[in-house]
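Structure, as structure tokens:
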Amino acid sequence: MIKKVDHIGIAVKSIEKALPFYTDVLNLPLIGTEEVDTQKVKVAFLQAGSTKLELLEPTSEESAIAKFIEKRGEGIHHVALGVDSIEERIREIKEQGIRMIDEQSRPGAGGANIAFMHPKSTSGVLFELCEKKGMKG
Ligand code: CMX
């Protein structure tokens, strides 16, 4: 059902300030940056071997990332699991009694379709399902 950990989301106050650690100290290649208006975030993807790290900077105080940083500070925000047939996966997960934040997938960064599970249903981890149609990795 799960192909791999597609990426790990990390909440930061400023991508500009956080990025040199990833690119210069860890030497991770920057894949690209993007603004996701629907989520009120700016993101930067870095390649980390066969998976990726996603830096998430809030672009509005109403952003889930702004709330997260205010409450918990900067740090790991979510784990994204790569799947095929995301709507089917959502249905199967709901059938197991897990609460989905998104009962249907919606567009996310990098042209992916995404859906989040509620951390209250998963022992405290915010998991994202992530389907990339026609894209490898
Ligand atoms: N990981 C684990 N637990 C989390 C969490 C996270 N990232 N964010 C919030 N929580 C916990 C809170 O600590 C809180 O627990 P307690 O009640 O024990 O304190 C509980 O979940 C409810 O959280 P809250 O602070 O009251 O915040 P909200 O209910 O307003 O929102 C959540 C929480 C997860 C439902 C919301 O952030 C959400 O819908 N997230 C999905 C969308 C998202 O994260 N978008 C940004 C990324 C977009 C992208 O990757 O493109």
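Residue numbers count from 1 along this sequence. For ligands, and for the atoms within them, numbers begin at 1 and follow the listed sequence. Values below: every heavy atom of this structure, side chains too, minus hydrogens, waters and symmetry copies. What you are looking at is a predicted structure, and each value in this text was computed from that prediction instead of being measured.
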The atoms of ligand 1 lying under 4.0 Å from a heavy atom of Ala64, numbered in the order shown, are 37 (O), 43 (C), 44 (O)
shortest atom 22 (C) of ligand 1-to-protein heavy-atom contact is with His118 CE1, 4.7 Å
Margin query: Just checking Glu16: does its CD atom have more than 12 heavy atoms from other residues, nucleotides or ligands closer to it than 6.0 angstrom?
Written below: no
Ranked by distance from atom 8 (N) of ligand 1, the top protein heavy atom is Phe68 CD1, 3.9 Å
Atom 13 (O) of ligand 1 sits nearest the protein heavy atom Arg72 NH2, 3.0 Å
- Task: Identify whether Ile69 and Leu56 are in the same connected component of the hydrophobic contact network (ILVMFWY, side-chain heavy atoms under 4.5 Å).
- Result: yes
Check your understanding: What do you think, any protein heavy atom under 4.0 angstrom from atom 33 (C) of ligand 1?
Key -> no
In terms of heavy-atom contacts, Ser85 and Glu131 come closest through N-OE2, 2.8 Å
Closest non-hydrogen atoms of Ala11 and Ile65, given as atom of the first, atom of the second and distance, are CB-CG2, 3.9 Å
Atom 2 (C) of ligand 1: closest protein heavy atom, distance to 0.1 Å, is Gly124 O, 3.1 Å
Is there a protein heavy atom less than 4.0 Å away from atom 18 (O) of ligand 1? yes
Restricting to heavy atoms, the pick from Leu56, Asp102, Ile76, Thr122 nearest atom 47 (C) of ligand 1 would be Leu56
Ligand 1 atoms nearer than 4.0 angstrom to some heavy atom of Ile101 are 34 (C), 35 (C), 38 (C), 39 (O)
Checklist entry - So, Phe116 versus His78, ring centres under 6.0 angstrom or not? => result yes
Out of Lys71, Glu54, Glu62, Lys120, the nearest non-hydrogen contact to atom 24 (P) of ligand 1 is supplied by Lys71
Note: ligand 1 atoms sitting under 4.0 Å from heavy atoms of His78 are 50 (O)
Looking only at protein heavy atoms, what sits closest to atom 9 (C) of ligand 1 is Pro119 CG, 4.6 Å
Look at the side-chain heavy atoms of Ile, Leu, Val, Met, Phe, Trp and Tyr, link any pair under 4.5 Å apart, and say whether Phe21 and Leu53 land in one connected group.
yes
Residue, atom and distance of the protein heavy atom nearest atom 30 (O) of ligand 1 read Lys67 NZ, 3.9 Å
When distances are taken from atom 45 (N) of ligand 1, the protein heavy atom at minimum range is Gln39 OE1, 2.7 Å
Query raised in the report: Just wondering, more than 12 heavy atoms not from Leu30 lying within 6.0 Å of its CG?
Result: yes
Shortest non-hydrogen pair, Glu34 vs Gly108, comes out as OE2-O, 4.5 Å
The reported gap from CD1 in Ile2 to CZ in Arg89 (rounded to nearest 0.5 angstrom) is 8.0 Å
Q.
I'd like to know whether CD of Gln104 has more than 12 heavy-atom contacts from other residues, nucleotides or ligands below 6.0 angstrom.
A. no
Closest to atom 7 (N) of ligand 1 by heavy-atom distance, out of His77, Glu128, Arg106, is His77
